**Q** 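Here it is: the structure, laid out below.
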Amino acid sequence: MKRNDFPILTETMNDEPFIYFDSAATSLTPEPVVNAIRDYYRNVNTNVHRGVYTLAAQATEHYEAVRQQTADFIHADKANEIIFTSGTTAGLNQVARGWGDLNVHAGDEIVVTLMEHHSNLVPWQQLAQRQHAVLKVIGITADGQLDWSAFQAALSHQTKVVAVTAVSNVLGTRNPITKIAAAAHAVNAAVVVDAAQAVAHFPIDVQAWNADFIAFSAHKMFGPTGVGVLYGKTERLQEMAPTQFGGEMIEDVTQQTATFKAAPLGFEAGTPNIAGVYGLGAAIDYLAQIGYEAIQTQEHKLDQALKAALDQPDVTVYGSNNPFAHTGVFSFNLTGIHPHDVATALDQQGVAVRAGHHCAEPLTEALGVHATVRASVGFYNTIDECARFGHAIQATRRFFA
Amino acid sequence: MKRNDFPILTETMNDEPFIYFDSAATSLTPEPVVNAIRDYYRNVNTNVHRGVYTLAAQATEHYEAVRQQTADFIHADKANEIIFTSGTTAGLNQVARGWGDLNVHAGDEIVVTLMEHHSNLVPWQQLAQRQHAVLKVIGITADGQLDWSAFQAALSHQTKVVAVTAVSNVLGTRNPITKIAAAAHAVNAAVVVDAAQAVAHFPIDVQAWNADFIAFSAHKMFGPTGVGVLYGKTERLQEMAPTQFGGEMIEDVTQQTATFKAAPLGFEAGTPNIAGVYGLGAAIDYLAQIGYEAIQTQEHKLDQALKAALDQPDVTVYGSNNPFAHTGVFSFNLTGIHPHDVATALDQQGVAVRAGHHCAEPLTEALGVHATVRASVGFYNTIDECARFGHAIQATRRFFA
Amino acid sequence: MSLSNLNQLYRQVLLDHARYPRHQGTLPAPDATLTVHNPTCGDTISLNVAYDGDRLKQITFTGDGCTISQASASMLCDQMTDQPLTTVQAKLDQFDQLVTGTGTATDLLGDAAVFNEIHQFPTRIKCALLAWKALEQLITQKEAQQ
Amino acid sequence: MSLSNLNQLYRQVLLDHARYPRHQGTLPAPDATLTVHNPTCGDTISLNVAYDGDRLKQITFTGDGCTISQASASMLCDQMTDQPLTTVQAKLDQFDQLVTGTGTATDLLGDAAVFNEIHQFPTRIKCALLAWKALEQLITQKEAQQ
Ligand SMILES: Cc1ncc(COP(=O)(O)O)c(C=O)c1O
Ligand SMILES: Cc1ncc(COP(=O)(O)O)c(C=O)c1O
């Protein structure tokens with residue numbers, strides 16, 4: 001499964017073979033992506049949209065070609081619906097302020113879920129505060145699914161935005177975006193999807209989803225850090241104001257006034273992460289080459305193997321009992337052992353997992369705990385690694401017994 | 001002069017030896033910086049501030065070490081005064097909104113100069129509009145220097161911010177920041193310095209400048225794209241509110257409310273450009289290794305050689321007559337030939353220059369033109385390249401004669 | 001130093017149009033006027049048109065900018081003066097294909113066929129298209145009004 | 001699987017303190033109380049202190065968190081109960097140096113000397129320091145009030 005594109009997977013860690021189970025925090029980066037970044041610096045290394053000379057034209061052409069490639073990747077209608085950002089958090093904040101401040105007014109309602117990452121919760125809290133709007137947080141069922149009847153009950157003609165994650169970064173739950181969007185559109189609300197945890201795992205089709213805005217980060221889909229994508233429907237982008245000013249987003253400037261370009265350039269102030277966009281293009285190529293089908297086949301096996309590995313006394317797994325509902329993300333606790341201690345013990349056995357609230361404090365609290373351990377995988381992980389992870393958990397339980 | 005750290009300099013362009021004279025748009029990136037980025041992806045490749053395991057701790061330690069390194073680089077008091085951004089434009093916008101919205105009120109005045117890049121002009125225009133403040137734009141003298149008496153006359157106890165570029169990206173003019181800051185502080189105004197064009201050319205000492213905020217981009221100082229620095233004095237950062245929300249900038253989150261970390265983490269929402277910060281660290285190391293003294297010695301020679309190369313009939317150079325007042329940046333026009341045509345002709349002779357308003361429309365207009373040609377150099381350029389550039393200009397004049 | 005490539009871009013006919021532009025100026029009673037500009041370089045073109053039913057009767061331009069954009073505007077006016085709107089549209093389409101390298105020139109374009117190599121200079125395509133895109137917008141406006 | 005390294009971190013005395021924490025609970029009439037937490041993991045420690053002039057007379061804690069942070073709080077209270085403030089400060093300073101690997105432990109730290117290897121586990125230093133930093137803050141507050 002192309003493991004040798006990821007040299008780090010053959011390293012040892014604390015004298016044990018290294019097992020990387022933290023892909024939900026950031027995915028590993030394959031050699032072709034690293035090479036695309038290196039090649040930009042070695043062979044092109046000029047700014048975009050600003051030069052008449054040959055290399056600058058080449059950089060601009062490539063940058064815009066990646067925009068088209070990204071549009072095709074998520075099945076967007078037009079390349080102009082793709083805005084390059086510095087990441088998911090930046091994209092969601094841009095929508096909450098740039099679109100939200102203009103379109104959400106006093107008394108309006110914003111609907112989010114209890115599953116949201118802080119990056120898709122706090123910008124909406126802040127918008128609600130700025131505009132004197134109401135924030136409604138929809139809860140989850142015992143097996144970690146969106147409480148659909150509560151969601152339906154929350155919608156009304158006051159609802160202006162529904163902001164929801166495609167996949168929970170704690171439980172791995174996949175939300176039914178198409179159904180959510182249809183219900184939201186029935187009351188004329190805009191739908192904002194946090195796709196950060198989706199894009200490494202299954203194909204995104206913005207037209208099937210019919211979402212108004214979608215944000216994701218390259219670094220969670222085998223691409224580089226510091227670059228991400230905000231998709232917006234053309235009509236929605238026309239309702240959005242820039243939140244950052246300067247550089248190439250401007251049409252005309254006088255001493256006292258300025259007019260701005262239309263999307264996408266009007267929303268990309270300053271020199272963008274050009275090398276990052278080269279890397280994003282290479283990551284999309286790489287994903288296409290592996291294929292989502294192969295990825296899903298492997299991840300199905302991993303989901304089963306992880307569930308089996310965690311099937312031990314004194315282990316509580318949060319969310320669904322169905323391994324396939326986890327999208328490669330398993331949060332759990334060992335009775336009587338603090339998650340930090342578990343993570344340290346696993347680290348000493350070569351296994352990298354996260355412990356904490358995973359930037360989802362309200363959800364963690366709703367699970368009745370302060371923190372959890374999270375193991376999250378990518379297609380490059382193996383069944384054998386899952387088994388060794390199971391043994392490491394066993395050894396950890398014994399150590400602290 | 002370490003030219004072989006920049007392999008692109010040995011390429012040919014349109015069958016001529018390539019001459020890169022567009023460093024003011026983005027500097028070339030030496031191999032050690034590219035290698036630092038590659039090494040992060042190959043050997044570390046984990047998220048920062050979030051993991052208990054060994055590699056995550058290593059990434060976090062390095063990330064914070066670069067913060068300290070950056071603080072030392074610009075002689076900041078504390079590492080906590082260094083905020084990593086996605087670039088100069090992002091940093092200036094963060095100050096204008098995060099600090100400006102809280103500290104500039106109706107009737108207050110904001111002072112900028114006619115030399116500003118759009119990124120240090122339009123955010124202040126927008127702040128003035130949001131807060132009903134007054135924006136004052138200080139003009140320049142015939143030889144491209146700040147009109148000091150106009151500047152002094154503009155200051156009053158109404159002045160809340162003075163935003164000024166350290167070096168003009170069109171004229172190369174260096175502004176007297178220490179003197180500007182002293183005058184601004186005498187009326188209790190905060191001083192915001194755009195150091196984008198300074199940092200590749202001379203050492204920055206924030207304490208000598210006594211500026212309140214300083215922004216610059218890694219990609220103009222031999223570092224990567226998509227990462228920059230915002231320096232803020234501790235007291236000023238305490239007066240600033242976050243403008244982006246989510247991820248690791250949060251202290252505590254409930255469903256309806258959130259509290260934020262102090263600087264710097266409270267101002268760095270979302271996964272940062274980790275590879276970019278590794279690259280920035282390598283760029284600072286690289287600059288230290290070359291040494292600003294060697295850089296300035298070489299650039300002095302280049303300034304003289306460029307001035308000589310442009311000393312031709314029908315060539316108008318903007319700004320100072322003194323070559324050393326140009327900081328490696330020369331904007332010029334050939335009588336009767338449009339700058340775009342000049343840039344195309346030079347490109348065909350292997351020379352990469354920019355043509356346009358260089359994101360400084362009000363200044364370009366004040367020069368009485370619609371556009372200029374700009375040649376800008378770095379320490380890696382040679383006297384011979386300047387001479388060949390002179391011949392290329394000559395050939396261009398003949399071609400269009 | 002080799003400027004041979006440049007000859008492909010700046011051919012004599014183009015330099016002539018730039019130096020001695022035709023149809024430069026305003027119209028006494030235009031049916032419509034439109035000013036467009038290229039934000040990258042600041043080039044500006046203003047077009048003035050007068051229609052006679054389904055004919056583009058008169059067209060003039062004023063402007064400021066590079067050799068390419070000004071010569072191209074001059075050629076545009078040459079080509080479009082006193083043409084039926086269907087022909088105007090056909091010429092606009094063909095010019096677009098010519099400069100983007102997706103088609104070749106026929107007699108329809110006259111002097112403007114000189115741009116058959118510009119697709120090798122991608123940063124200058126916008127300059128060549130500026131006036132032509134402006135006319136396209138004017139025609140669209142006219143159609144929208146009918 | 002090798003857990004040998006772990007023995008260096010989780011030594012018996014530490015596990016004992018975690019399992020049977022001392023001085024856990026509140027105080028009937030504390031002079032001051034402070035709750036701190038480690039945002040990364042959510043660990044919480046609340047300290048309650050009672051002074052007698054320049055002496056730290058009583059100190060108790062409540063909290064929730066990992067073995068390290070809870071055991072460390074238990075040891076802190078052990079060490080600090082009924083100590084002159086100058087000794088308290090000396091112990092705080094020495095503990096800080098110990099866990100950051102910039103100094104060694106003396107008798108002054110008692111059981112808390114068990115943390116002499118924690119600098120090899122940089123992600124857990126914050127856990128060990130949590131309660132100690134809280135007491136430092138309380139002492140600073142007391143000094144500010146005088
Ligand atoms: C003086 C000046 N300020 C600001 C900027 C904006 O920098 P960036 O595009 O990296 O945000 C630039 C460069 O384009 C500049 O030259
Ligand atoms: C569901 C979800 N949303 C948003 C984010 C934020 O992404 P980033 O940190 O790349 O901005 C993350 C990752 O941390 C995530 O898992």
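Proteins get letters first, then strands, A, B, ... in listed order; numbering begins at 1 in each. Remember, it's a predicted structure, so these values are computed and weren't measured experimentally.
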**Q** Indicate yes or no: at least one non-hydrogen side-chain atom of A/N273 is less than 4.5 angstrom from one of B/N273.
**A**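 Side-chain contact under 4.5 Å: yes.
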**Q** Are B/Y53 and A/L346 packed together at the side-chain level, in the sense that at least one heavy-atom pair is separated by less than 4.5 angstrom?
**A**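 No, side chains not in contact.
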**Q** Examine whether an atom of B/V44 lies under 4.5 Å from a heavy atom of chain A, and if so say whether it belongs to the side chain, the backbone or both; otherwise answer neither.
**A**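 The backbone, not the side chain.
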**Q** Heavy-atom cut-off 4.5 Å, strictly under: side chain, backbone, both or neither for B/E11 against chain A?
**A**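 No part of B/E11 comes within 4.5 Å of chain A.
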**Q** Looking only at heavy atoms, what is the nearest atom pair of A/Q256 and B/Q125, with distance?
**A**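 Looking at all heavy atoms of both residues, the closest pair is C-NE2, 3.4 Å.
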**Q** In the structure I gave you, are the side-chain heavy atoms of A/F245 and B/L92 within less than 4.5 Å of one another anywhere?
**A**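 Sidechains of B/L92 and A/F245: no contact.
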**Q** So which of A/N120, A/V137, A/V112 has the largest heavy-atom pair count under 4.5 angstrom toward chain B?
**A**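 With the most close heavy-atom pairs to chain B, the winner is A/V137.
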**Q** Side chain, backbone, both or neither: which part of A/Q129 has a non-hydrogen atom closer than 4.5 Å to chain B?
**A**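 Side chain of A/Q129 only, per the 4.5 Å heavy-atom cut-off to chain B.
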**Q** Would you call B/V253 and A/L121 a side-chain contact if the rule is heavy atoms closer than 4.5 Å?
**A**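 Yes, close enough: below the 4.5 Å cut-off.
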**Q** Going by atom types only, do B/N14 and A/T54 share a side-chain donor-acceptor pair under 3.5 Å?
**A**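 Yes.
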**Q** Using side-chain heavy atoms (C-beta onward) and a distance below 4.5 Å, is B/E361 in contact with A/T254?
**A**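 A side-chain contact is absent here, since even the closest heavy-atom pair is not under 4.5 Å.
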**Q** Pick from A/V33, A/L28, A/I37: which one makes a side-chain contact (heavy atoms from CB on, under 4.5 Å) with B/Y41?
**A**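 Of the listed residues A/V33, A/L28, A/I37, the side-chain contact (heavy atoms from CB on, under 4.5 Å) partner of B/Y41 is A/I37.
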**Q** Quick one: do B/R42 and A/E31 satisfy side-chain contact (heavy atoms from CB on, under 4.5 Å)? Show the steps, please.
**A** CA-CA 8 Å; B/R42 284 225 185 122; A/E31 291 289 289; 2.8 Å; yes
**Q** Just do the side-chain contact (heavy atoms from CB on, under 4.5 Å) check on B/D347 and A/V52 with the steps written out, would you?
**A** CA-CA 8 Å; B/D347 183 37; A/V52 170; 5.9 Å; no
**Q** Most heavy-atom pairs under 4.5 angstrom with chain B, which of A/G276, A/A258, A/P7, A/G51?
**A**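 Highest number of heavy-atom pairs under 4.5 Å: A/A258.
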**Q** If we ignore hydrogens and angles and just use 3.5 Å, is the side chain of B/N47 paired with the main-chain N or O of A/T26 as donor and acceptor?
**A**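 Pair absent, no side-chain N/O of B/N47 close to backbone of A/T26.
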**Q** Apply side-chain contact (heavy atoms from CB on, under 4.5 Å) to the pair B/H219 and A/T271, showing each step before the final yes or no.
**A** CA-CA 9 Å; B/H219 76 92; A/T271 302; 3.4 Å; yes
**Q** Go through A/T257, A/V351, A/T344, A/V277 and name the one with the most non-hydrogen pairs under 4.5 angstrom from chain B.
**A**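 That would be A/T257.
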**Q** Answer with side chain, backbone, both or neither: which region of B/D252 has an atom nearer than 4.5 Å to a non-hydrogen atom of chain A?
**A**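 For B/D252, backbone and side chain are both near chain A.
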**Q** Could you tell me whether the side chain of B/T89 and the main chain of A/G246 form a donor-acceptor pair under 3.5 Å?
**A**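 No, B/T89 side chain to A/G246 backbone: no donor-acceptor pair under 3.5 Å.
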**Q** By a 4.5 Å heavy-atom criterion (distance strictly below it), what part of A/P272 contacts chain B: side chain, backbone, both, or neither?
**A**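 Answer is backbone: N, CA, C or O of A/P272 sit under 4.5 Å from chain B.
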**Q** Given B/N45 and A/Y20, is the side-chain contact (heavy atoms from CB on, under 4.5 Å) satisfied, shown in steps?
**A** CA-CA 10 Å; B/N45 209 155; A/Y20 186 67; 5.8 Å; no
**Q** Which bit of B/V353 is near chain A, if near means a heavy-atom gap under 4.5 Å: side chain, backbone, both or neither?
**A**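 Interface part for B/V353: backbone (N, CA, C, O).
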**Q** What are the two closest heavy atoms between B/R97 and A/T243, and how far apart are they?
**A**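 Where B/R97 meets A/T243 most closely, the heavy atoms are NH2-O, 3.7 Å.
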**Q** Is the shortest side-chain heavy-atom distance between A/I250 and B/V122 below 4.5 Å?
**A**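 Yes, their side chains come closer than 4.5 Å.
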**Q** Nearest 0.5 angstrom please: B/E248 CD to A/S119 OG, how far?
**A**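 Rounded to the nearest 0.5 Å, the CD-OG separation comes out at 9.5 Å.
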**Q** Measure B/T88 against the heavy atoms of chain A and call it side chain, backbone, both or neither at under 4.5 Å.
**A**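 It is neither, since no heavy atom gets under 4.5 Å.
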**Q** Does any heavy atom of chain A fall under 4.5 Å from the side chain of B/P123, the backbone, both, or neither of them?
**A**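 Looking at B/P123, backbone and side chain both touch chain A.
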**Q** Look at A/A355, A/A366, A/G87, A/A269 and state which one has the largest set of heavy-atom pairs under 4.5 Å with chain B.
**A**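 With the most close heavy-atom pairs to chain B, the winner is A/A269.
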**Q** Pick from A/E116, A/H118, A/H357: which one has the most heavy-atom pairs with chain B under 4.5 Å?
**A**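 The option with the most such pairs is A/H118.
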**Q** Measuring heavy-atom distances to chain A, does B/H117 have an atom under 4.5 Å in its side chain, in its backbone, in both, or in neither?
**A**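 The answer is the side chain of B/H117.
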**Q** Could you check which of A/A90, A/S86, A/S217, A/G247 has the highest count of heavy-atom pairs closer than 4.5 Å to chain B?
**A**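 The option with the most such pairs is A/G247.
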**Q** Given that the side chain runs from C-beta out, which part of B/F260 has a heavy atom under 4.5 Å from chain A: side chain, backbone, both or neither?
**A**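 B/F260 touches chain A through side-chain heavy atoms alone.
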**Q** Counting heavy-atom pairs under 4.5 Å with chain A, which one of B/A352, B/A25, B/C359 comes out on top?
**A**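 Result: the option with the highest number of such pairs is B/A352.
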**Q** Measure B/L114 against the heavy atoms of chain A and call it side chain, backbone, both or neither at under 4.5 Å.
**A**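 Contact with chain A involves the side chain of B/L114 alone.
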